[in-house]
2 protein chains.
Amino acid sequence: MRSLTDKIECYLKVLIDRSDDYKVEIQRAELAETFQCAPSQITYVLGTRFTAEEGFRTESKRGGRGFIRIQKLSEKRLAVGLTQEQACMTIDDLMSQGILTVREAKLLINIINRIIMNLDDEISDYIRSEIIEGALEVLEG
Amino acid sequence: MRSLTDKIECYLKVLIDRSDDYKVEIQRAELAETFQCAPSQITYVLGTRFTAEEGFRTESKRGGRGFIRIQKLSEKRLAVGLTQEQACMTIDDLMSQGILTVREAKLLINIINRIIMNLDDEISDYIRSEIIEGALEVLEG
DNA sequence: ACCTCTTTGACTTTATTTGACCTTTATATT
DNA sequence: AATATAAAGGTCAAATAAAGTCAAAGAGGT
């Protein structure tokens with residue numbers, strides 16, 4: 001395990017996984033004490049590892065009896081995978097932004113439309129997201 | 001006389017071969033120290049010897065506790081569809097013939113290398129052939 | 001001599017960690 | 001009831017620690 005941030009992330013995720021309701025509630029100062037770090041470190045971990053994008057929701061309250069509650073949203077919402085329509089829309093966007101040429105966009109859309117035809121949904125959703133990410137990696141890197 | 005680049009390449013490939021998961025993780029500055037060279041030399045080695053085209057994938061993280069991870073992708077052969085190697089060779093050919101631009105070729109190769117990783121052989125061989133055919137359909141049509 | 005591949009280093013970008021200061025809330029005191 | 005105090009969590013910027021970029025200089029082969 002690498003950084004302190006990674007350790008705290010891992011610790012919290014274990015707690016969440018062990019809970020029955022996908023939630024965990026902590027006290028910032030106390031957790032900071034456990035890991036011998038600044039309280040703002042905890043805030044940092046939340047801000048980088050438990051974002052909405054990653055499928056988490058956090059609530060907190062200040063003052064006496066304050067707390068931080070982290071909730072993991074259901075897997076459905078963080079499913080990696082794009083439907084055919086989503087994938088095509090993404091490609092269109094990339095083209096509008098000038099990241100993809102028209103020809104490249106056509107090429108990717110054609111690939112995507114071919115792939116949808118012969119596989120079941122789960123796999124083709126996955127493949128589509130890999131195609132988009134694979135393309136972006138080249139184009140933006 | 002082999003170059004430093006060759007030595008570093010060899011060193012990393014030995015590490016990967018000895019690993020059980022076809023991966024190795026290094027710290028750029030540390031490896032540079034080991035070989036008494038500039039850190040950017042390591043970046044150069046990765047860029048010339050551990051490319052997607054050669055069947056490797058690299059990930060990295062900057063900042064505190066940063067790292068570089070290199071993974072060798074598997075290349076397995078199957079009767080139906082295209083192996084990773086065959087697919088990459090085909091793309092290279094298309095590029096030589098001026099049918100694909102360099103950028104398009106890179107894009108496709110990256111997609112192919114991504115897809116190989118998480119699926120079983122039969123499916124990924126199939127997908128590869130669909131990608132090539134899908135691309136050709138647009139480019140030649 | 002020329003061309004290609006290597007090697008370097010100055011500069012850039014990104015990630016983590018900390019601490020000083022700020023805001024909010026509950027509770028105790030007047 | 002109004003106010004003061006203590007007990008939380010929040011913000012933000014600086015310090016530090018990596019890796020990435022890119023152009024220029026160097027080396028080897030033809």
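In the text below, chain A, chain B and the rest are named by the order of the sequence lines, each starting its count at 1.
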K.L.:
Does A/Arg28 reach a base, just sugar-phosphate, or nothing at all? Heavy atoms under 4.0 Å.
P.N.:
base
K.L.:
On DNA chain C, check which nucleotide each of A/Ala38 and A/Lys61 is closest to and give me the residue with the more 5' one.
P.N.:
A/Ala38
K.L.:
Does a side-chain N or O of B/Arg49 approach OP1 or OP2 of C/dT6 to a distance below 4.0 Å, or not?
P.N.:
yes
K.L.:
Both A/Gly64 and A/Leu4 contact DNA chain C. Which one's nearest nucleotide lies toward the 5' end?
P.N.:
A/Leu4
K.L.:
A/Arg2 CZ to D/dA19 C1': how many Å, rounded?
P.N.:
14 Å
K.L.:
Measure CD/B/Gln27 against P/C/dA15 and give the value in whole Å, please.
P.N.:
16 Å
K.L.:
Using whole Å, what does the distance between atom P of nucleotide D/dG10 and atom CZ of A/Arg69 come to?
P.N.:
13 Å
K.L.:
Rounding to an integer number of Å, can you tell me how far B/Asp6 CG sits from D/dG28 P?
P.N.:
13 Å
K.L.:
Checking all strands, does B/Ile68 fall into the base, sugar-phosphate, or nothing category for heavy-atom contacts under 4.0 angstrom?
P.N.:
sugar-phosphate
K.L.:
Classify B/Ser40 by what it touches in the nucleic acid, base, sugar-phosphate, or nothing, heavy-atom distance under 4.0 Å.
P.N.:
base
K.L.:
Identify whether any heavy atom of B/Ile42 sits under 4.0 Å from a base atom; if not, whether one sits that close to sugar-phosphate; answer base, sugar-phosphate or nothing.
P.N.:
nothing
K.L.:
So, B/Arg103 and A/Glu104, do they make that salt bridge, N to O below 4.0 Å?
P.N.:
yes
K.L.:
Any side-chain N or O of A/Gln41 less than 4.0 Å from the OP1 or OP2 oxygen of C/dT16?
P.N.:
no
K.L.:
Between C/dT8, D/dA19, C/dT18, which nucleotide gets closest to the side-chain atoms of A/Cys37?
P.N.:
C/dT18
K.L.:
Determine whether a donor-acceptor pair (one donor, one acceptor, N or O, separation below 3.5 Å) exists between the side chain of B/Arg62 and the base of C/dT13.
P.N.:
yes
K.L.:
When we call it a touch if two heavy atoms are under 4.0 Å apart, what does A/Tyr44 touch: a base, just sugar-phosphate, or nothing?
P.N.:
base
K.L.:
Does OP1 or OP2 of D/dG28 have a side-chain N or O of B/Ser3 closer than 4.0 Å?
P.N.:
no
K.L.:
Closest approach of B/Ile8 and B/Cys37, non-hydrogen atoms and distance?
P.N.:
CD1-SG, 4.3 Å
K.L.:
Is the backbone of A/Arg2 close enough, under 3.5 Å, to the side chain of B/Arg65 for a donor and an acceptor to pair up by distance?
P.N.:
yes
K.L.:
Output the rounded distance in Å from CD (A/Glu9) to C1' (C/dT17).
P.N.:
16 Å
K.L.:
Using atom CG of A/Leu31 as one end and atom C1' of D/dA8 as the other, report the distance to the nearest whole Å.
P.N.:
15 Å
K.L.:
Please determine whether any donor N or O and acceptor N or O are separated by less than 3.5 Å between the side chain of A/Thr43 and the base of D/dG10.
P.N.:
no
K.L.:
Taking C-beta and beyond as the side chain, do A/Arg57 and A/Leu73 meet within less than 4.5 Å on heavy atoms?
P.N.:
yes
K.L.:
Do the side chain of B/Thr51 and the main chain of B/Thr48 share a donor and acceptor less than 3.5 angstrom apart?
P.N.:
no
K.L.:
For the CG atom of A/Asp6 and the NZ atom of A/Lys13, what is their distance to the nearest 0.5 Å?
P.N.:
9.5 Å
K.L.:
Taking donor-acceptor contacts at under 3.5 Å, does the side chain of A/Ser60 reach the base of D/dG9?
P.N.:
no
K.L.:
Any side-chain N or O of A/Arg65 under 4.0 Å from OP1/OP2 of C/dT27?
P.N.:
yes
